[in-house]
Amino acid sequence: MESFSLAYPDGDERLKSLQAFAVDNLGLEIGTGFLKAGTRMPDSGVSAHPRREITLILEGDLSTTSGGRTVRLGAGDVVSIPANQEQHSFVHQDTRLLWLFLGEN
């Protein structure tokens with residue numbers, strides 16, 4: 001068993017990786033984010049990750065666009081984005097979140 005505490009980014013940092021695990025060829029990475037109101041992620045264009053992303057909004061309000069859909073997310077909402085799918089987000093209120101990347105390493 002392993003345990004660790006949630007720690008949030010500080011300063012200009014937006015996202016913080018907390019822990020990564022690997023079992024055979026599958027990986028799980030866990031991290032947190034603190035995004036200030038008015039932030040766009042990424043700053044311009046879109047991003048895509050090689051693993052599935054699952055994000056839980058702990059507090060705040062943001063809109064995420066991916067796969068031709070835009071959803072507005074608040075505290076308690078979860079979004080799952082397939083691997084390699086382009087995405088971008090706009091933060092309406094200061095937002096704290098927990099993210100997971102799942103998939104092949």
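Hydrogens, waters and symmetry mates play no part in the numbers below; they use all other heavy atoms, side chains included. Only a predicted model underlies this, so the values are computations on that prediction, with no experimental measurement involved. Residues take their numbers from the sequence shown, with the count starting at 1.
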Q) Can you list every pair that meets salt bridge (Lys or Arg N to Asp or Glu O under 4.0 Å) and has a residue in residues 60-80, with sequence neighbours left out? A) Asp61-Arg72

**Q.** Nearest-0.5 Å distance that lies between atom OG in Ser63 and atom NE2 in His88
**A.** 10.0 Å

Q | 4.5 Å side-chain heavy-atom contact, Val46 and Gln87 | A | no

(Q) If you define the side chain from C-beta out and look only at heavy atoms, does anything of Phe34 sit under 4.5 Å from Asp10? (A) no

Q) Hey, mind stepping through Phe21 and Ile30 against side-chain contact (heavy atoms from CB on, under 4.5 Å) and telling me if it holds? A) CA-CA 9 Å; Phe21 307 90; Ile30 301 170; 3.8 Å; yes

(Q) For Ser47 versus His49, what's the shortest heavy-atom pair and its separation? (A) OG-NE2, 4.1 Å

(Q) So which atom in Ser89 and which in Thr64 form the shortest heavy-atom distance, rounded to 0.1 Å? (A) OG-OG1, 2.8 Å

Q) For the residue pair Gly60 and Thr95, what are the closest heavy atoms and their distance? A) CA-OG1, 3.6 Å

Q: Go through the side-chain N and O atoms of Glu53 and Thr55 and say whether any donor and acceptor fall under 3.5 Å apart.
A: yes

Q.
Can you list everything that forms a salt bridge (Lys or Arg N to Asp or Glu O under 4.0 Å) with Glu86? Sequence neighbours excluded, please.
A. none

Q) How close do Ala83 and Pro50 get, heavy atom to heavy atom, and via which atoms? A) CB-O, 3.5 Å

Q: Please report the C-alpha distance between Ser80 and Arg52 in whole Å, then the side-chain angles of each, then the deciding distance to 0.1 Å, and finally whether the side chain to side chain donor-acceptor pair (under 3.5 Å) criterion is met.
A: CA-CA 7 Å; Ser80 178; Arg52 175 173 290 279; 2.6 Å; yes

Q | Check: Leu58 and Leu56 side chains under 4.5 Å, non-hydrogen atoms | A | yes

Q) To the nearest 0.5 Å, what is the distance between CG (Leu102) and CD (Glu29)? A) 10.5 Å

Q) Hydrophobic cluster mates of Leu97, side-chain heavy atoms under 4.5 angstrom, ILVMFWY only, any path? A) Leu15, Leu35, Met41, Ile57, Leu62, Val71, Leu73, Val79, Ile81, Val91, Trp99, Phe101

Q) Could you state the interatomic distance from CG (Leu100) to CZ (Arg51), rounded to the nearest 0.5 Å? A) 10.5 Å

